[in-house]
Amino acid sequence: MAATPESPQTDDDRAENDQEDSSTPDTLPDEKFRPSTRARFEPPKDKPQRRSAFRIRLPIIEDEFETLPDYIRGCITQVIEEVRKETAGGINQFEVLQYPGPVGLELILSIEPKRNDARSTNQSTVGDFVDRTHEAGANKLTKAIQKYVPEECTVERGSLDLSPLGTTPVNVSRLHLRKDHVVNPVGTSGVDVLATTFNTLREHSVAFVYQTLLKPKQDGQYTAAVRLATYPPQFVFTGREGFVEIAERGHPFDLATTFGAYNLTSNFRGLTDRYWETEYTEKINGESFGSASYTDEMVTSRKSRSQARREADQVKEIVLGKADYWHMLSANATWDTLLKKELNRYARFDITGPFVAQLTGLVRLRWKTNPWGVVPGREPPKFYTEEILNTYGSTAPNYGDNDELIHVPDETLANTGSVAHRGHVQSIIDIFTEGGDEIYEITQNSKSLPDIELHTETGEISTIPLTVDASYVSVEAELNNKTKATTTLVNADRAYAMGRHVIFVYDSRKSARLGYTHLSQPYNDNLFDRDDGGVRLYNRTKPVRCPDDRIPVMKGSTTTTWELFGRDRIVAKVNDERIAGGTPGGDVGEFSWDTHFYQVVDGVHRVEDVDGAVIETYNEQETFTAEWTKIPLPHIPICGNYLHFATVAYRTGEGGIDVYSDPPDWDTPDSAGKMKRHRGCLDTFTDQLICERDDARISSGALQTWAQHYYTAASAHDTPPGSIIVQALPEEIKDAKKGGTNNRNPHYPGYDWVIPPEIDTPHRPGVEEGLTDLTETLTETSVADVEIDTDEAE
């Protein structure tokens with residue numbers, strides 16, 4: 001009888017969240033793996049443990065391994081079939097986990113008993129009840145295993161802990177069945193697909209966990225869910241770029257590659273066409289880029305564009321399989337109903353008893369090297385043995401003396417931030433470490449330094465899809481800077497001065513959106529409604545300080561606004577009245593201030609007039625600040641957009657890190673026309689960053705350079721050359737272009753920058769040194785000696 005798809009069932013949606021950590025020590029002396037002991041500042045979303053589980057190990061002695069009986073292939077099926085019958089429906093779900101361990105291929109068999117509301121009258125703890133629910137099925141499993149598993153195998157009963165696998169999700173390949181297909185009958189494929197899958201993983205030394213969930217049904221059938229998680233960082237794809245690569249090229253370890261023989265497919269195949277238009281290009285030099293655009297094909301009179309795009313985002317998450325990974329760890333067979341409603345796919349499907357062996361067979365494979373040794377920050381699941389049911393021959397690890405685990409450094413450097421900030425920093429370090437990157441926390445001192453530093457010899461960062469032209473990358477843990485734009489911008493200035501790329505990691509997508517806005521438009525608002533077209537700047541936390549060390553102050557609780565107009569004029573206002581002004585490149589402390597002034601003399605807080613006559617005195621600073629407000633420094637951006645050397649990322653709810661992107665409307669796919677995209681970019685660029693101003697001009701080279709920076713920061717597509725930039729300019733600017741003989745010194749008269757790039761100003765201490773002295777020493781040392789205000793750069 002052919003198997004058919006199964007409709008979703010809500011009782012499978014429960015996570016196994018009532019398990020407790022086992023404190024029973026491992027009784028086997030050969031176990032060389034240890035759970036991660038790094039600090040965790042947040043509890044895990046799930047409790048990935050299995051109680052009353054059974055571990056089955058094949059013998060490692062070659063003669064014993066080679067002479068295993070043929071029926072070992074189906075012994076797990078025989079165990080499951082017998083227990084299912086004996087427990088009279090008391091088993092809600094069987095789980096089979098397989099992964100490479102310290103001896104070879106490990107197989108874990110566990111059950112989820114059916115839940116009952118009744119409580120034993122003699123139970124003393126909740127744990128007693130949990131144990132009792134497992135007891136009947138576990139006892140039957142013990143007898144069936146002793147009956148069907150060959151005596152050459154070692155069998156233990158105990159608890160399995162999956163937490164050593166790490167805290168960040170990986171891509172999961174999950175088998176799907178199309179609505180109009182059925183699973184091929186047993187034996188028609190002519191190949192042992194499970195053995196072929198494991199062989200491929202072994203040949204490439206891939207650390208993995210393979211899972212089969214089987215829910216008993218009537219008439220000898222089961223509902224099956226099958227997943228494969230692979231852990232090497234080079235095979236973990238993240239964000240939109242990773243989604244594009246999977247959609248266009250597939251995943252190198254896709255279960256459908258072998259299980260396609262049974263009419264099965266996977267979440268890595270054929271789900272994107274109606275929702276996304278994707279493009280992926282890999283150049284000869286190894287660089288690659290991908291882009292994804294909504295197709296809006298699913299928009300109808302009954303389905304709005306926003307709903308269709310929400311579904312498209314769901315499809316992206318299904319393809320990446322990271323949410324499914326957390327369900328995998330908690331033995332949950334949940335699947336997204338969008339698969340059935342819109343994509344005609346089933347991630348749970350019905351099979352008959354004889355087909356169970358194709359999904360759960362005990363495969364005869366040996367590992368000679370440790371695939372977990374090259375996966376930083378992750379270790380194989382840990383099994384705590386409570387009872388040895390059967391042992392035969394040697395069970396010592398077979399990796400050899402020179403195949404020790406790679407040590408993952410436990411960076412516990414001092415950090416003066418809050419507990420929440422330290423936890424955010426540690427989580428970022430954990431995520432990048434498990435992603436395969438070399439990353440360290442920086443000891444904070446009197447200098448203002450990045451929170452974290454990432455080292456890369458090749459320029460490639462594996463945790464997120466990013467390639468940089470440097471060996472060191474600054475990483476800023478932005479936890480308290482969500483609303484303080486100037487602090488984020490000071491951190492960006494510091495990275496620019498050090499000649500580095502910088503990654504800002506926020507604690508949520510919502511926070512990242514705000515940070516992205518600050519970095520993409522590093523000023524408070526435009527003043528385009530004025531004839532002289534300037535911008536209103538963000539205020540810094542440091543106050544203005546005059547050459548005589550006095551600070552300008554205003555009476556009462558006031559707000560200062562700084563307005564910048566090109567390279568010629570910057571003005572400070574309070575209540576719309578000018579209090580100072582001058583040249584942006586100068587020291588604002590030397591301006592003529594129409595204010596009072598503050599200083600501390602012999603412990604007394606004094607407010608003085610411009611000539612130094614005392615107006616008010618205070619013994620306590622709190623009394624002074626209750627009546628007066630210090631005038632803050634302005635933050636003058638280095639350029640109109642920081643995103644050409646900064647990446648905005650955020651910690652996801654699933655425990656990983658994604659790059660935040662906000663593709664503009666003009667960033668359309670190539671099929672819509674490249675020149676249309678270029679013109680859309682230049683229209684937006686000139687609207688935001690260029691204004692008309694008499695007696696001003698912009699050089700053609702500068703315009704092309706900054707337009708390319710702007711394009712690179714906002715688009716996933718290749719940046720066009722300067723000649724294309726010129727062609728794509730708005731006609732009124734293009735027509736204004738002038739130049740000398742033979743088009744020397746081409747420029748655009750009558751136009752100026754809203755934010756003059758790289759304006760020479762003393763308002764960013766330390767930045768000028770970086771801009772004028774980007775030496776090899778600065779870019780290739782661990783931490784550059786660059787001074788930035790320490791109370792502004794977290």
Side-chain angles (χ1 to χ4, degrees), residues 448 450-452 454 461 464 466-470 472-478 481-506 511-526 535-540 562 564 584 634-650 659-664 681 684-685 688-690 702-703 705-716 719 753-761 763-768 770-771 774 779 784 786 788-789 792-794:
S448 178
D451 292 317
I452 310 167
L454 191 151
I461 300 171
I464 58 177
L466 180 65
T467 302
V468 296
D469 187 19
Y472 297 94
V473 177
S474 296
V475 181
E476 299 287 358
E478 298 291 292
N481 296 349
K482 304 171 189 176
T483 57
K484 297 188 294 183
T486 183
T487 309
T488 299
L489 299 177
V490 167
N491 287 342
D493 284 343
R494 175 175 57 206
Y496 193 92
M498 297 168 73
R500 291 184 175 187
H501 194 92
V502 56
I503 303 172
F504 292 90
V505 183
Y506 292 83
S511 301
R513 182 187 301 118
L514 192 58
Y516 186 93
T517 301
H518 295 155
L519 292 164
S520 64
Q521 187 172 300
Y523 50 84
N524 211 349
D525 56 24
N526 285 310
V535 292
R536 184 165 290 121
L537 302 174
Y538 286 110
N539 291 335
R540 291 176 61 168
W562 284 94
L564 174 67
H635 182 89
I636 301 178
I638 291 176
C639 57
N641 187 311
Y642 286 91
L643 292 177
H644 64 282
F645 66 90
T647 296
V648 177
Y650 61 96
V659 174
Y660 179 85
S661 63
D662 186 16
C681 172
T684 306
F685 170 75
Q688 288 185 3
L689 297 177
I690 294 178
L703 189 148
T705 297
W706 289 105
Q708 288 174 321
H709 286 330
Y710 185 91
Y711 195 107
T712 301
S715 174
T719 304
W753 297 107
V754 169
I755 296 289
E758 297 183 9
I759 188 170
D760 185 17
T761 170
H763 310 137
R764 295 187 302 272
V767 173
E768 292 70 29
L771 292 175
L774 291 177
T779 57
V786 178
I788 301 285
D789 296 325
E792 289 194 288
E794 181 183 287

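Numbers here simply count residues along the sequence, with the first being 1. Since this is a predicted model, take the numbers as computed values, not measurements.
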Q: Just do the side chain to side chain contact (heavy atoms under 4.5 Å, CB included) check on Ile461 and Leu454 with the steps written out, would you?
A: CA-CA 9 Å; Ile461 300 171; Leu454 191 151; 3.9 Å; yes
Q: State whether a side-chain donor-acceptor pair under 3.5 Å links His501 with Ser474.
A: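 The criterion, which ignores hydrogens and geometry beyond distance, is not satisfied for Ser474 and His501.
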Q: Side chains of Gln688 and Tyr710: donor-acceptor distance under 3.5 Å anywhere?
A: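 Yes, Tyr710 and Gln688 have a side-chain donor paired with an acceptor closer than 3.5 Å.
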Q: Is any side-chain heavy atom of Arg536 closer than 4.5 Å to a side-chain heavy atom of Trp562?
A: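 No, every pair of side-chain atoms sits at 4.5 Å or beyond.
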Q: Nearest 0.5 Å, what's the OH-CZ distance between Tyr660 and Arg513?
A: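 Here the interatomic distance stands at 5.0 Å.
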Q: Measure the spacing between CH2 of Trp706 and CH2 of Trp753 and express it to the nearest 0.5 Å.
A: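 Between atom CH2 of Trp706 and atom CH2 of Trp753 there are 8.0 Å.
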Q: Do Tyr516 and Phe504 come close enough that some side-chain heavy atom pair is under 4.5 Å?
A: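 A side-chain contact under 4.5 Å is absent here.
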Q: Do Thr712 side-chain atoms and Gln708 backbone N/O form a donor-acceptor pair below 3.5 Å?
A: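 Flag set: sc Thr712 to bb Gln708 pair under 3.5 Å.
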Q: Tell me, do Asp662 and Thr517 make a side-chain contact under 4.5 Å, heavy atoms counted?
A: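 They are not in side-chain contact.
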Q: Measure the CD1-CD1 distance between Ile690 and Ile755 for me, rounded to the nearest 0.5 Å.
A: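 Going from the CD1 atom of Ile690 to the CD1 atom of Ile755 covers 12.5 Å.
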Q: Do Gln521 and Asn526 pair up side chain to side chain, a donor and an acceptor below 3.5 Å, judged on atom types alone?
A: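 No, because no side-chain N or O of Gln521 sits under 3.5 Å from a partner of the opposite role on Asn526.
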Q: If you apply the rule side chain to side chain contact (heavy atoms under 4.5 Å, CB included), what do you find for Asn539 with Thr486, and how did you get there?
A: CA-CA 7 Å; Asn539 291 335; Thr486 183; over 6 Å; no
Q: Is Pro664 close to Thr684 at the side-chain level, that is, under 4.5 Å between some pair of heavy atoms?
A: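 When only atoms from C-beta onward are counted, Pro664 and Thr684 do not touch, as no gap falls below 4.5 Å.
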Q: Over 60° means perpendicular and under 30° means parallel, so classify the ring planes of His635 and Tyr642, tilted if in between.
A: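 Ring orientation of Tyr642 relative to His635: tilted.
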Q: What's the shortest heavy-atom distance between Pro756 and Leu564, and which atoms?
A: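 Between these two residues, the closest heavy atoms are CD-CD2, 4.0 Å.
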Q: How long is the gap from OG1 on Thr705 to NE2 on His644, to the nearest 0.5 Å?
A: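 Thr705 atom OG1 to His644 atom NE2 measures 10.0 Å (nearest 0.5 Å).
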Q: Identify the heavy atoms of Tyr650 and Ala512 that sit nearest to each other, and give their distance.
A: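 Closest approach of Tyr650 to Ala512, heavy atoms only: CB-CB, 3.8 Å.
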Q: In the structure I gave you, are the side-chain heavy atoms of Ile503 and Val473 within less than 4.5 Å of one another anywhere?
A: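 Ile503 reaches Val473 side chain to side chain.
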Q: Go through it in stages, so that I can follow the logic: the residues are Leu466 and Val659, the test is side chain to side chain contact (heavy atoms under 4.5 Å, CB included), and I'd like the CA-CA distance, side-chain angles, deciding distance and then a yes or no.
A: CA-CA 9 Å; Leu466 180 65; Val659 174; over 6 Å; no
Q: Between Glu478 and Ser511, is there a side-chain donor-acceptor contact under 3.5 Å, judged purely by atom types and distance?
A: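 Glu478 and Ser511 do not have a side-chain donor-acceptor pair below 3.5 Å.
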Q: Which atoms form the tightest heavy-atom contact between Ser520 and Asn641, and what is the distance?
A: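 Smallest interatomic distance, heavy atoms only, reads O-ND2, 3.5 Å.
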Q: Does the ring centre of Tyr538 sit less than 6.0 Å away from the ring centre of Tyr523?
A: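 Tyr523 vs Tyr538: aromatic centres not under 6.0 Å.
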Q: Can you tell me how far apart CG (Leu643) and CG (Leu519) are? Round to the nearest 0.5 Å.
A: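 Leu643 CG to Leu519 CG: 5.5 Å, rounded to 0.5 Å.
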Q: So do Glu476 and Arg494 actually touch side chain to side chain, heavy atoms under 4.5 Å?
A: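 Yes. Closest side-chain heavy atoms under 4.5 Å.
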Q: Would you call Leu489 and Asn491 a side-chain contact if the rule is heavy atoms closer than 4.5 Å?
A: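 Contact flag for Leu489/Asn491 side chains = no.
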Q: Without swapping roles, check the side chain of Asp451 against the backbone of Ala477 for a donor-acceptor pair under 3.5 Å.
A: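 Yes, Asp451 side chain to Ala477 backbone: donor-acceptor pair under 3.5 Å.
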Q: Considering only heavy atoms from C-beta outward, does the side chain of Asp493 approach that of Ile638 to under 4.5 Å?
A: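 The answer is yes, as the side chains (C-beta and beyond) meet within the 4.5 Å cut-off.
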Q: Over all heavy atoms of both residues, which pair between Leu537 and Pro637 is shortest? Give the atoms and the distance, please.
A: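 That would be CD2-CD, 3.9 Å.
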Q: Mark yes when over 12 heavy atoms from residues, nucleotides or ligands other than Asp525 sit less than 6.0 Å from its CG; otherwise mark no.
A: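 Yes, because the 6.0 Å sphere around CG of Asp525 holds more than 12 heavy atoms from other groups.
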